[in-house]
> 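Sharing a structure, written as structure tokens. Questions coming.
Along the sequence shown, the residues carry numbers beginning at 1. Keep in mind it's a predicted model, so treat the numbers as computed, not measured.
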Amino acid sequence: MSLRDVRAISFDADGTLWDFERAMRHSLALALEEMRREVGSAAAGLDVEELIRIRDRVAASSKRLSLEEGRLEAFRETLRGIGHPDEALARRLCALYLHHRFRDIELYQDVLPALQRLRGRYRLGLLTNGNTNPERCGLAGVFDFVVMAQEQGFTKPDPRLFGLAMARAACQADEILHVGDSWDNDVIGALNAGLQAVWLNREGKPAPASMPGLREIRSLVELPGLLGVERGPSPPDSSPIS
């Protein structure tokens, strides 16, 4: 397959367009501060890492919950675990977490320059296992299609999710390029579904496996050049991304 065939590009979200890990940990720290104010020394043994472990356990045992429902259930379980079950407090902590989790998201610096050069030349889409809508992080109106796993009941690397991207982009599999930071979910998932793929390897990690012809970039600013998009003015139907 050739990149010359590409008509659409789907992007992963968390870890690709924005630093989810940083926003998540910051928001959990703020929720933990509030919890300590409410329950005092009962929360003394908790830290952000423990809150993450509790959330992971909830997610593993309750796969039918949405991401936001799972976060609420994790706060409930945390309060039960320290002997302070309190539904109202769990909901308040969850609301505080989600407020900062979405408000404090910051795009990587390479995102807007790359999207601006690609917009109008390709159909652009978001294909994510996360729960952040583009409107929540300054990307309203940028994408031609959005596929969110939690609305479908299955997640990447399930090929059905990539199939939805194909349908919404109105393209064949080899006409879509998927870009993401996860080796398993994005690279292997896309390739197994018949799409083309680019691994965004920001940290320069060694590839988990040898893959002839693997396309790899360290920054999204490399993507337009990989596709042969020359620097210059955007197409006339492409308004600036603010």
Side-chain angles (χ1 to χ4, degrees), residues 11-112 115 126-140 142-143 146-152 155-156 180-182 185-186 200 202-203 220 241-242:
F11 291 89
D12 171 54
D14 296 342
T16 296
L17 301 182
W18 49 75
D19 190 345
F20 166 79
E21 188 78 11
R22 177 183 176 278
M24 180 266 289
R25 288 178 177 274
H26 170 69
S27 303
L28 280 179
L30 294 175
L32 183 56
E33 288 179 10
E34 178 66 16
M35 189 187 305
R36 287 170 175 162
R37 280 192 290 268
E38 292 293 327
V39 304
S41 60
L46 293 174
D47 57 17
V48 168
E49 296 301 326
E50 179 61 17
L51 295 184
I52 293 173
R53 284 191 288 270
I54 293 170
R55 170 65 180 83
D56 289 345
R57 287 200 302 270
V58 168
S61 62
S62 306
K63 295 185 181 298
R64 292 187 177 183
L65 295 178
S66 71
L67 294 176
E68 295 185 13
E69 291 169 341
R71 183 62 69 182
L72 173 58
E73 183 58 33
F75 281 119
R76 289 176 178 141
E77 184 171 316
T78 300
L79 291 172
R80 288 194 295 265
I82 61 175
H84 281 267
D86 187 327
E87 178 66 16
L89 178 56
R91 289 184 176 277
R92 194 162 79 247
L93 293 173
C94 188
L96 175 67
Y97 167 83
L98 292 173
H99 170 76
H100 287 280
R101 156 75 177 81
F102 293 122
R103 191 197 72 173
D104 297 345
I105 278 182
E106 294 182 4
L107 299 176
Y108 290 114
Q109 291 185 349
D110 56 359
V111 172
L112 293 182
L115 293 179
L126 192 70
L127 176 55
T128 176
N129 284 349
N131 61 336
T132 304
N133 291 311
E135 292 77 7
R136 284 171 153 166
C137 53
L139 293 176
V142 170
F143 296 107
V146 176
V147 179
M148 304 189 76
Q150 73 168 8
E151 297 174 355
Q152 307 303 325
T155 62
K156 291 181 295 182
D181 69 303
S182 170
N185 290 339
D186 295 312
L200 176 60
R202 292 186 182 279
E203 299 175 1
L220 288 176
I241 301 173
S242 58

> Look up atom OG in Ser61 and atom CD in Glu77, then write down how far apart they are to the nearest 0.5 Å.
7.0 Å

> Strictly by modelled atom types, are Arg103 and Ser27 linked by a side-chain donor-acceptor pair under 3.5 Å?
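No, Ser27 and Arg103 have no side-chain donor paired with an acceptor closer than 3.5 Å.
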
> Just by distance, do the side chain of Asp47 and the backbone of Glu49 share a donor-acceptor pair under 3.5 Å?
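Yes: the side chain of Asp47 pairs with the backbone of Glu49.
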
> Are side-chain heavy atoms of Arg71 and Leu51 found at a separation under 4.5 Å?
no

> Only one of Glu34, Glu87, Met35 forms a side chain to side chain contact (heavy atoms under 4.5 Å, CB included) with Arg92, so which one is it?
Glu34

> Between Glu73 and Arg57, is there a side-chain N and carboxylate O pair less than 4.0 Å apart?
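A salt bridge is absent here (no side-chain N lies under 4.0 Å from a carboxylate O).
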
> Output yes when Asp19 and Arg202 qualify as a salt bridge under the 4.0 Å nitrogen-oxygen rule, no when they do not.
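Between Arg202 and Asp19 there is no salt bridge, as every charged N stays at least 4.0 Å from the carboxylate O atoms.
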
> Check whether any side-chain heavy atom of Arg101 sits under 4.5 Å from a side-chain heavy atom of Thr132, and report yes or no.
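Yes, their side chains come closer than 4.5 Å.
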
> Can you tell me how far apart CD (Glu38) and CG (Leu89) are? Round to the nearest 0.5 Å.
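It is 5.5 Å, given to the nearest 0.5 Å.
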
> Can we say Arg53 and Glu50 salt-bridge, meaning some charged N sits less than 4.0 Å from an Asp/Glu carboxylate O?
yes

> Closest approach of Asp12 and Asp181, non-hydrogen atoms and distance?
OD2-OD1, 2.8 Å

> Could you check if a side-chain atom of Phe11 sits within less than 4.5 angstrom of a side-chain atom of Val111, using non-hydrogen atoms only?
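The answer is no, as the side chains (C-beta and beyond) never meet within the 4.5 Å cut-off.
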
> Starting at CD of Glu68, measure out to SG of Cys94 and round the result to the nearest 0.5 Å.
7.0 Å

> Got a second to check how far Asp110's CG is from Leu115's CG, nearest 0.5 Å?
9.0 Å

> Could you walk me through whether Tyr97 and Leu30 satisfy the side chain to side chain contact (heavy atoms under 4.5 Å, CB included) test, starting with their C-alpha distance in whole Å, then the side-chain angles of each, then the deciding distance to 0.1 Å, before giving a yes or no?
CA-CA 7 Å; Tyr97 167 83; Leu30 294 175; over 6 Å; no

> Is there a side chain to side chain contact (heavy atoms under 4.5 Å, CB included) between Leu107 and Leu139 once you walk through the steps?
CA-CA 9 Å; Leu107 299 176; Leu139 293 176; 3.9 Å; yes

> On a heavy-atom basis, which atom in Ala74 and which in Arg55 lie closest, and how many Å separate them?
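Of all heavy-atom pairs spanning Ala74 and Arg55, the closest is CB-CA, 3.8 Å.
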
> Looking at Gly70 and Val58, what are the two nearest heavy atoms and their distance?
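Heavy atoms only, the tightest pair is O-CG1, 3.7 Å.
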
> At their closest point, which heavy atom of Ala31 faces which heavy atom of Leu93, and how far apart are they?
O-CD2, 3.4 Å

> Are a donor atom and an acceptor atom from the side chains of Asn131 and Arg136 found within less than 3.5 Å of each other?
no

> Side chains of Arg91 and Phe75: closer than 4.5 Å at any heavy-atom pair?
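A side-chain contact under 4.5 Å is absent here.
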
> Is there side-chain contact between Leu126 and Met148, with heavy atoms separated by less than 4.5 Å?
no

> Is any side-chain heavy atom of Val39 closer than 4.5 Å to a side-chain heavy atom of Asp86?
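No; the side chains remain at least 4.5 Å from each other.
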
> Quick one: are Glu106 and Arg22 in side-chain contact, heavy atoms under 4.5 Å?
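Answer yes - side chains close enough.
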
> What I'd like to find out is whether the side chain of Gln150 reaches to under 4.5 Å of the side chain of Glu69, using heavy atoms alone.
no

> Exactly one of Asp186, Asn185, Asn129 should register a side-chain hydrogen bond (donor to acceptor under 3.5 Å, both in side chains) with Lys156. Which one does?
Asp186

> Which heavy atom of Thr16 sits nearest a heavy atom of Gly180, and at what distance?
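Closest heavy-atom pair between Thr16 and Gly180: OG1-CA, 3.5 Å.
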
> Could you pull out the closest heavy-atom pair between Thr128 and Ala13, with the gap in Å?
OG1-CB, 3.6 Å

